[in-house]
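Every chain is numbered from 1 and lettered A, B, ... according to where its sequence line falls, protein lines coming before strand lines. Everything numeric in this text was worked out from a predicted model, so none of it was measured.
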Amino acid sequence: MKALAKTFVVVWLALVFVAAAIGAMLELGPAALDLRAPVTDHLTDTGVSHPVTAVLLNYRGYDTLLEIAVLLLALLGILAAGGAAGSAAPKAAHPMLQASARLAAPLMILVAVYLLWAGAFLPGGAFQAGAVLAAAAVLLHLVGLTRGWDSPRLRLRLGLAGGFALFLAVAAALLTQGALLGFPPAWAGELIMLIEAGLTVSLGLILAGFFLFLSRDLR
Amino acid sequence: MTSGLLFALVGVALFALGVAGVVLIAQLPRRILAFNLMGSGAFLVLVGLAQRGDLPDPVPHAMVLTGIVVAVAATALALALVRRLHALTGRLQLPEDDGD
Amino acid sequence: MTLGLAFDLLLACALLWSAWRTLSTPRLDRAIILFIAFGLLMTIAWIRLSAPDIALAEAAIGAGLTGALLLDAYGALRQRKRRRKAS
């Protein structure tokens with residue numbers, strides 16, 4: 001009975017919320033603050049010509065720095081939550097499947113590099129490239145070509161933390177020049193590409209780690 | 001009615017559905033799904049409302065991009081905790097929900 | 001324009017329906033598959049909102065990686081339950 005009353009109250013509150021929010025949105029006036037013009041006006045100073053990448057790494061580089069830190073923390077949390085460390089050898093899939101995974105993995109790495117490179121002037125960038133890298137690692141694990149990760153060794157640790165460390169180092173170096181992540185326009189393109197390359201590798205490893213560390217128990 | 005506004009309204013409904021799911025559903029993996037629906041709703045509101053004009057606005061796009069990556073991190077951490085709970089107790093519910 | 005809006009309405013209904021079914025379907029594996037379908041529908045929605053960057057990320061992360069994580073967790077939970085019953 002109590003559970004039924006709770007359901008009733010929650011559903012009603014949700015419906016009231018939806019009605020109120022829809023009503024408010026329908027009579028919403030034009031935006032008080034339009035950031036589109038400032039973003040395009042200063043685009044030439046950012047070192048990239050794709051506005052979303054400019055926002056992510058130049059205008060709001062701070063957000064991206066904290067984001068990669070959050071990802072690293074989540075991975076640490078997963079490692080700390082632990083689990084039965086019984087990572088036996090993975091079950092090998094059908095040879096045909098393994099062969100196509102072997103063919104697909106290099107292509108996926110190529111796609112990741114393209115996405116990273118294209119991010120400067122087209123939709124794409126470090127996040128998408130890192131996700132494709134992670135997908136390649138997960139694919140290789142699922143067909144039984146790579147083992148699940150048990151506990152990270154030194155090289156893997158360096159890879160996981162490298163993107164964040166590189167980003168932080170660039171930010172600290174720029175702090176001595178004036179402002180945190182205030183890129184000098186002449187160097188902005190190169191610095192952003194350097195940061196993005198580091199981010200891609202680390203993001204790929206961290207996102208793959210979410211899967212590979214989690215799937216180590218019971219295999 | 002532009003498509004931006006339409007998807008913002010869908011986002012509100014998804015968010016409310018997600019909140020109701022997180023509050024009402026005791027089974028933890030499904031609660032994680034509801035949490036993800038909540039996130040998707042919030043992202044749709046952010047981008048949809050910024051799109052009421054004709055040109056897309058890159059600032060909410062970048063924010064949502066960050067949000068999607070953080071959401072998968074939160075999902076992975078939540079799943080790790082659920083798997084740990086299941087390994088230790090054999091349950092998929094929190095102890096306080098057992099009475100329901 | 002009206003054709004586009006009609007498509008958006010259809011997409012909106014599909015989004016809401018798949019989200020509702022994700023939470024209401026009794027079986028967990030079906031719920032996860034529906035959630036992956038929801039992620040792919042979100043990808044189309046991002047394209048309709050002319051946000052190709054988000055569409056790329058949603059397809060790779062929201063639908064792909066989250067789906068893989070959820071399915072892997074489901075498999076592990078089921079296997080453990082079976083092992084518990086056997087012992």
Side-chain angles (χ1 to χ4, degrees), chain B residues 1-11 13-14 17-18 20-22 24-25 27-34 36-41 43-44 46-48 50-51 54-58 60-69 71-73 75-76 78-80 82-83 86-87 90 92, chain C residues 1 4-9 11-16 18-20 22-29 31-32 34-36 38-39 41-42 45-46 48-74 76-78 80-81 83-85:
Chain B
M1 180 76 117
T2 60
S3 55
L5 187 59
L6 175 67
F7 282 116
L9 299 182
V10 172
L14 283 177
L17 188 66
V22 168
L24 291 177
I25 298 175
Q27 195 191 21
L28 288 173
R30 211 179 283 250
R31 220 179 237 192
I32 295 174
L33 290 179
N36 270 296
L37 292 182
M38 245 172 90
S40 293
F43 299 153
L44 272 180
L46 265 177
V47 174
Q51 200 100 328
D54 35 0
L55 279 173
D57 184 350
H61 287 195
M63 282 162 67
V64 168
L65 209 51
T66 310
I68 288 177
V69 179
V72 74
T75 305
L79 281 173
V82 168
R83 286 168 85 148
H86 189 254
L92 283 178
Chain C
M1 188 55 220
L5 203 60
F7 179 76
D8 286 345
L9 273 174
L11 186 57
C13 293
L15 273 172
L16 289 174
S18 59
W20 167 250
T22 299
L23 295 186
S24 67
T25 192
R27 283 177 53 179
L28 189 57
D29 53 344
I32 292 171
L34 277 162
F35 180 75
I36 296 173
F38 171 81
L41 288 169
M42 281 293 286
W46 293 128
R48 288 295 302 164
L49 286 168
S50 45
D53 295 85
I54 311 178
L56 275 173
E58 178 82 40
I61 300 176
L65 203 66
T66 309
L69 280 170
L70 288 164
L71 282 177
D72 186 62
Y74 174 75
L77 296 179
R78 202 180 52 169
R80 196 179 287 131
K81 206 178 276 174
R83 211 172 279 181
R84 224 171 251 262
K85 259 185 205 148

> Got a second to check how far B/Leu92's CG is from C/Leu28's CG, nearest 0.5 Å?
Replying inline: 8.0 Å

> B/Leu33 versus C/Phe38: any side-chain heavy-atom pair under 4.5 Å?
Replying inline: no

> Looking at C/Leu23 and B/Gly21, what are the two nearest heavy atoms and their distance?
Replying inline: CD1-CA, 4.1 Å

> Can you check whether B/Leu6 reaches C/Leu11 side chain to side chain, under 4.5 Å on heavy atoms?
Replying inline: no

> Who are the side chain to side chain donor-acceptor pair (under 3.5 Å) partners of B/Thr75, not counting sequence neighbours?
Replying inline: B/Asn36

>> Please classify the contact between C/Thr25 and chain B as side chain, backbone, both or neither, with a heavy-atom cut-off of under 4.5 Å.
In response: both

>> Taking side chain as everything from C-beta outward and backbone as N, CA, C, O, which of these in B/Leu79 sits under 4.5 Å from a heavy atom of chain C? Side chain, backbone, both or neither.
In response: side chain

> Is chain C contacted by the side chain of B/Leu44, its backbone, both, or neither, given a heavy-atom distance below 4.5 Å?
Replying inline: both

> Is it the side chain or the backbone of C/Leu9 that comes within 4.5 Å of chain B heavy atoms, both, or neither?
Replying inline: both

> Which bit of C/Tyr74 comes within less than 4.5 Å of chain B, counting heavy atoms only: side chain, backbone, both or neither?
Replying inline: neither

>> Suppose we screen for side chain to side chain donor-acceptor pair (under 3.5 Å). Which residues come up paired with C/Asp53, at least two apart in sequence or across chains?
In response: A/His50

> Does any non-hydrogen side-chain atom of C/Leu77 lie less than 4.5 Å from one of B/Pro29?
Replying inline: yes

>> Quick check on the interface: out of C/Ala12, C/Gly39, C/Ala51, C/Gly62, who has the most heavy-atom pairs with chain B under 4.5 Å?
In response: C/Ala51

> So which heavy atom on C/Thr22 is nearest to which on B/Arg30, and how close?
Replying inline: O-NH1, 3.2 Å

> Given a strict heavy-atom distance threshold of 4.5 Å, which part of C/Trp46 is in contact with chain B: side chain, backbone, both, or neither?
Replying inline: side chain

>> Can a side-chain donor-acceptor contact be found between C/Ser50 and B/Gln51 if the only test is distance below 3.5 angstrom?
In response: yes

> Considering only heavy atoms, which portion of B/Ile25 lies under 4.5 Å from any heavy atom of chain C: side chain, backbone, both, or neither?
Replying inline: side chain

> What is the distance from atom OG of B/Ser40 to atom CE of C/Met42, rounded to the nearest 0.5 Å?
Replying inline: 4.0 Å

>> To the closest 0.5 Å, what do you measure between OG (C/Ser18) and CG (B/Leu14)?
In response: 8.0 Å

> Taking all atoms of both residues into account, what is the closest heavy-atom pair of C/Arg80 and B/His86, and its distance?
Replying inline: NH1-ND1, 3.2 Å

> With respect to chain B, which residue among C/Leu56, C/Ile32, C/Asp8 yields the maximal number of heavy-atom pairs within a distance under 4.5 Å?
Replying inline: C/Asp8

> Roughly how far apart are C/Leu15 CG and B/Phe7 CZ, rounded to 0.5 Å?
Replying inline: 6.5 Å

> Of all heavy-atom pairs between B/Gly48 and C/Leu49, which one has the smallest distance, and what is that distance?
Replying inline: CA-CD2, 4.4 Å

> What's the shortest heavy-atom distance between B/Leu65 and C/Ala57, and which atoms?
Replying inline: CD1-CB, 3.3 Å

